[in-house]
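The model shown is predicted, which means the values in this text are computed figures rather than measured ones. Nothing fancy with the numbering, it's 1 onward along the sequence. Counting starts at 1 for both ligands and their atoms, in listed order.
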Amino acid sequence: MLQPRYLSVVLALVIAIVTTAFLSFIPSSDLVTMTIGFISCFIFGSVLIYFALDYLVFQEVNSLYDRIKQIKKKDFSVTPRKQLVEKENPIELLRKELNTYVATKEGEVQDLKKAAKYRQEFLADVSHELKTPIFAAQGFVHTLLDNPDEDLEIRTKFLEKAAKSLDGLDSLVQDLLTVSQIETGAIKIEKKKINLRPLIEEIFEQVEAKAKKREVSLKLIAPKGEIQVKADTQRISQVILNLVVNAIKYGKEKGLVQIIINEKKKAYTISVVDNGPGIPEEHLHRIFERFYRVDKSRAKNSGGTGLGLSIVKHIVQAHNSKISVQSEENKGTRFEFKLEKA
Ligand SMILES: Nc1ncnc2c1ncn2[C@@H]1O[C@H](COP(=O)(O)OP(=O)(O)O)[C@@H](O)[C@H]1O
Ligand SMILES: [Mg+2]
């Protein structure tokens, strides 16, 4: 409707009708005069209005439009100019496209802001996490230096404590390296056909001492025979080890930690289940965030970095899968993910 052509015709028609109506009031004007008046008004009117509209308004819109197109061609879909002139309302179109453009840009700015904030927070977190074990080790070593006459037993105790802090520092740096490798994409998941059974048995051997300390029993419940999946051996070991260590650390003393494997059509589900105190509901959605710990003081004692589950999540995602958690207070926690059958 709003095309300049139609608009000018309609306006010219109105003007011609009004002019003719006026002419009809003049006694000397006859039908010929009125017809000529009507036709000339109509023709001149439509041509003039057409040009005025086209050159003033629509050309202006078009130049604005070209300008936007220059700003960024790839950023948003621009209707070709031809279409713009023929479409119903170029101003409306222009507005729509400007809105899309602004929305895209706003989204980008938000993303950038988020990334900047994330970096800041990460740096602050890392510094904070590094500070703790360094300070502790530093304290013990300096105490030793300042008290050279202390008896051997006490000196050994202090050295052991310093060593423990440094071990914590080591595992923190290891985990940080893994996180950074994951983020930069340096970790490549090499999926191979692997058998989960021996892998899990090996993990159980690795954590035996830890489990014994808390008198936790370990159990594997799985279908008979080989459990063949497509996965990266080292990375999936890391995932299961992390989950099992967590279950032992945060589960019940004298409790039970189970790995339960279920066979599905195209995949196996792997669950790590404990019967410990569980994770309170309000923390559940945050435990996969890095450095997030439910109980900071308790985690400090057990030397956790708070990075374990975020690494787990990343690795599982890199296997095109998802990790889920269910937990009930005083009943226990269950972490579960799927691996494609080989
Ligand atoms: N099986 C579990 N039972 C109870 N709490 C758990 C369990 N697994 C993890 N958590 C909680 O989630 C937090 C994050 O775990 P994780 O990322 O592995 O860090 P870390 O073990 O270094 O503390 C832990 O500090 C702990 O509070
Ligand atoms: Mg952990």
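Cation-pi contact between Lys338 and Tyr268: absent, since separation from the ring centre below 6.0 Å together with deviation from the ring axis within 45° is not met. Both tests pass for Arg290 against the ring of Phe122: distance under 6.0 Å to the centre and angle within 45° of the axis.
At least one heavy atom of Ala247 sits under 4.0 Å from some atom of ligand 1. At least one heavy atom of Phe335 sits less than 4.0 Å from an atom of ligand 1. Using a 4.0 Å cutoff on heavy atoms, Thr305 counts as a contact of ligand 1.
Checked against Leu307 for a side-chain contact (heavy atoms from CB on, under 4.5 Å), the options Leu176, Asp125, Asn242 give a single hit: Leu176. Applying the side-chain contact (heavy atoms from CB on, under 4.5 Å) test between Val173 and each of Val126, Leu130, Thr178 identifies Leu130 as the sole match.
Distance check, rounded to the nearest 0.5 Å: CG of Leu199 to CD1 of Ile194 gives 5.5 Å. In this structure, Tyr250 OH and Asp295 CG are separated by 9.0 Å, a value rounded to the nearest 0.5 Å.
Heavy-atom proximity to atom 6 (C) of ligand 1, evaluated over Asp295, Ile287, Ile279, is greatest for Ile279.
The shortest N or O to N or O distance between Tyr250 and ligand 1 is under 3.5 Å. Here's the thing with Val294: one of its N/O atoms is less than 3.5 angstrom from an N/O atom of ligand 1. On a distance-only criterion, Gly306 and ligand 1 share at least one N/O pair closer than 3.5 Å. Where the criterion is an N or O separation shorter than 3.5 Å, residue side chain and backbone included, Asn246 meets it with respect to ligand 1.
Those atoms of ligand 1 with a heavy atom of Leu309 less than 4.0 angstrom away are 9 (C), 12 (O), 14 (C), 15 (O), 16 (P), 17 (O), 18 (O). Within ligand 1, counting atoms from 1 as listed, the ones closer than 4.0 Å to a heavy atom of Tyr292 are 13 (C), 14 (C). Within ligand 1, the atoms closer than 4.0 Å to a non-hydrogen atom of Asp274 are 1 (N), 2 (C), 3 (N), numbered from 1 in the order shown.
Residue contacts with ligand 1, taken as heavy atom pairs separated by less than 4.0 Å, involve Thr333 solely via side-chain atoms from C-beta onward. When heavy-atom distances to ligand 1 are checked against a 4.0 Å cut-off, Lys249 comes that close only through its side chain, counted from C-beta outward.
At a threshold of 4.5 Å between non-hydrogen side-chain atoms, the residues Glu150 and Leu144 do not count as touching.
Checking side-chain atoms of Asp170 against main-chain N and O of Leu166 turns up no donor-acceptor pair under 3.5 Å.
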